[in-house]
**Q** 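Would you mind keeping the following structure in view while I ask a few things?
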Amino acid sequence: MRPTPPSFSRADFGPDFVWGAATAAYQIEGAHQTDGRGPSIWDTFTHGPAWSRARENGDIACDFYHRYESDLQVLREMGFRAFRFSISWSRIFPEGTGRINEAGLAFYDQLIDTCLRLGIEPWVTLYHWDLPQALEAKGGWTNRAVIRWFSEFVDCCTKAFGHKVKHWMVMNEPLVFTAGGYFAGIHAPGRRGPWNFLPAVHHVAICQGEGGRIVRRNVPNARIGTTLFCAPIDPHTPAPRDVRAAARIDALGNRLFIEPSLGLGYPVQEAPLLKQILTKYAKLGDLQRATFDFDFIGLQNYFRLVVRHDWFTPYVWAREVKPRQRRVAEITAMDWEVYPEGLYRVIRQFSQYEKVRDIVITENGAAFPDRLQDGRVHDPQRVNYYQQYLQQVLRAKREGFRVSGYFAWSLMDNFEWAEGYRPRFGLVYVDYPTQQRIIKASGHWFRDFLSA
Ligand code: BGC
């Protein structure tokens, strides 16, 4: 497929629009036992009996821990001036709480300094799914004490780096790690059932608000956000029960974490399952604590969901009609539908909340079956993907929706959680046996686009 050249240029997005690439600690750093890092739930999960992908884990990953300087140079070469990365909690607190590992702080300090020296703005995510295992042993996100543990971690990071880092994101896709890790059991720590999921959701929602407040207190002039999974949801048929199923999935998928942060509580009407949070786990004042006035909301969109009513799926009573069943025009290596308009639709949907002040696309991208041939990676599908999705961001901006930045997922191929190393999301190809980096055609496209 030959991509058609886009009908827009960087200038159309305005001079202040932020262009960056995103990553997460466990997916790229490796060095899992280096300099006093403690184990996280993903170390335990990927070395445990339920894990089926032998030798696929974050032990080495992209070895970013040792290669960050040259990786940041590559990022710069592609024209990006913002880098989103996360801090590994168990590098800083190997036991999750209490003792601070100075070497862990030193690593991020050097990483941040290197960003600044190269003229790259660091955008820091505080929690990208890698809870210290020591805390999981005490119940993890289902234990209310996590509010205290998380606050201690955020306090430490913001005191250490707040004088250099101005962009902070409290959570990364809370829906995905609570649903994947505490409901479906396909992500670490592999727990299942609403009795794990619902308290985890509630404690994460409180931590999201409390985390925001701690950043505000410790970092003068900070721009504070949190990043959310989002997808446009369509009913498979116009039948009322499919329409209700779509509204339920929208409540659970899109609204679950934004609404408490805006002071709107949980969307219990469309998703009655959530009522149990209020009857079983919430204490007086909790909904207030979950509220925070974020400077921006990070939206992360990859696909749309088409759903139908289903009696056989307990608790949610809905199931996805997969893209292959719908015979969509194009799907990615994750079996996700390429649906560019979806990005426009989620921007529009989240802009409808009066209190959402600004939106940043903190992740968007795609995995395709890339091949290294003669030292190059020709990935026209990804070039096309980015062009089409960016066109929709521009459409939203032109219609007056506030969107102030875009981060591609991801800087480089990395450990794709439950899917291991097969899906490649990078603008840069990583040859894992040699750890060589090769900028893909899509990375070259960004370089040309951003330098124009
Ligand atoms: C996550 C990333 C992940 C990406 C692609 C997002 O859900 O934040 O860590 O790699 O999607 O699946």
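Every number for a ligand or one of its atoms is a count from 1 in the order of the listing.
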**Q** What are the atoms of ligand 1, with element, lying closer than 4.0 Å to any heavy atom of Gln300?
**A**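 What qualifies from ligand 1 is 8 (O).
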
**Q** Taking the minimum heavy-atom distance to atom 11 (O) of ligand 1, which of Tyr302, Trp409, Phe425 ranks first?
**A**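 Answer by nearest heavy atom: Tyr302.
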
**Q** Just to confirm my output: which protein heavy-atom neighbour is closest to atom 12 (O) of ligand 1, and how far is it?
**A**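 Ranked first by proximity to atom 12 (O) of ligand 1 is Glu416 OE2, 2.6 Å.
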
**Q** For the pair Asp379 (side chain) and Gln381 (backbone), establish whether a donor and an acceptor sit closer than 3.5 Å, ignoring hydrogens and angles.
**A**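 Not a single qualifying donor-acceptor pair exists.
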
**Q** Check for me whether Arg10 meets the cation-pi criterion with Phe449, that is, NZ or CZ under 6.0 Å from the six-membered ring centre and within 45 degrees of the ring axis.
**A**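 Verdict for Phe449: no cation-pi partner in Arg10.
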
**Q** Using a strict cut-off of less than 4.0 Å between a Lys/Arg side-chain nitrogen and an Asp/Glu carboxylate oxygen, indicate whether Glu416 and Arg424 qualify as a salt bridge.
**A**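 Not counted as a salt bridge, because no side-chain N and carboxylate O are separated by less than 4.0 Å.
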
**Q** Can you tell me if Trp336 contacts ligand 1 (heavy atom of the residue under 4.0 Å from the ligand)?
**A**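 Yes, Trp336 has heavy atoms under 4.0 Å from ligand 1.
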
**Q** Does the structure place the NZ or CZ of Arg84 under 6.0 Å from the centre of the six-membered ring of Phe407, at an angle of no more than 45° from the ring's axis?
**A**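 Judged by the rule, Arg84 and Phe407 form no cation-pi pair.
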
**Q** Is a side-chain donor-acceptor pair under 3.5 Å present for Tyr302 with Glu363?
**A**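 Yes - a donor-acceptor pair under 3.5 Å links their side chains.
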
**Q** Backbone or side chain, does any N or O of Gln27 fall under 3.5 Å from an N or O of ligand 1?
**A**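 Such a contact does occur with ligand 1.
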
**Q** With the threshold set at under 4.0 angstrom, would you say Phe229 reaches ligand 1 through any of its heavy atoms?
**A**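 Checking ligand 1 against Phe229, which is what was asked, there is no heavy-atom contact under 4.0 Å.
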
**Q** Against ligand 1, does His128 come closer than 4.0 Å with any heavy atom?
**A**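 It does, in that a heavy atom of His128 comes within the 4.0 Å cut-off of ligand 1.
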
**Q** Nearest non-hydrogen contact with atom 1 (C) of ligand 1 belongs to which option: Glu363, Met334, Glu419?
**A**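 Considering heavy atoms of Glu363, Met334, Glu419, the nearest to atom 1 (C) of ligand 1 sits in Glu363.
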
**Q** Is there any N or O on Trp129 that sits under 3.5 Å from an N or O of ligand 1?
**A**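 No.
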
**Q** Have Asp35 and Tyr65 got a donor and an acceptor in their side chains that come within less than 3.5 Å?
**A**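 A donor-acceptor contact under 3.5 Å links the two side chains.
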
**Q** When you measure from atom 7 (O) of ligand 1 to every protein heavy atom, which one gives the shortest distance, and what is it?
**A**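 Result for atom 7 (O) of ligand 1: Glu173 OE1, 2.6 Å.
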
**Q** Between the side chains of Thr142 and Asn196, is a donor N or O closer than 3.5 angstrom to an acceptor N or O?
**A**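 No - no donor-acceptor pair under 3.5 Å links their side chains.
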
**Q** Check each of Tyr127, Phe183, Tyr182 against Phe177 using the ring pair (Phe, Tyr, Trp, His ring centres under 6.0 Å) test, and report the only one that passes.
**A**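 Of Tyr127, Phe183, Tyr182, ring pair (Phe, Tyr, Trp, His ring centres under 6.0 Å) with Phe177 is met by Tyr127 alone.
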
**Q** Heavy atoms only, cut-off 4.0 Å: how does Val176 contact ligand 1, side chain, backbone, both, or neither?
**A**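 Answer for Val176: neither.
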
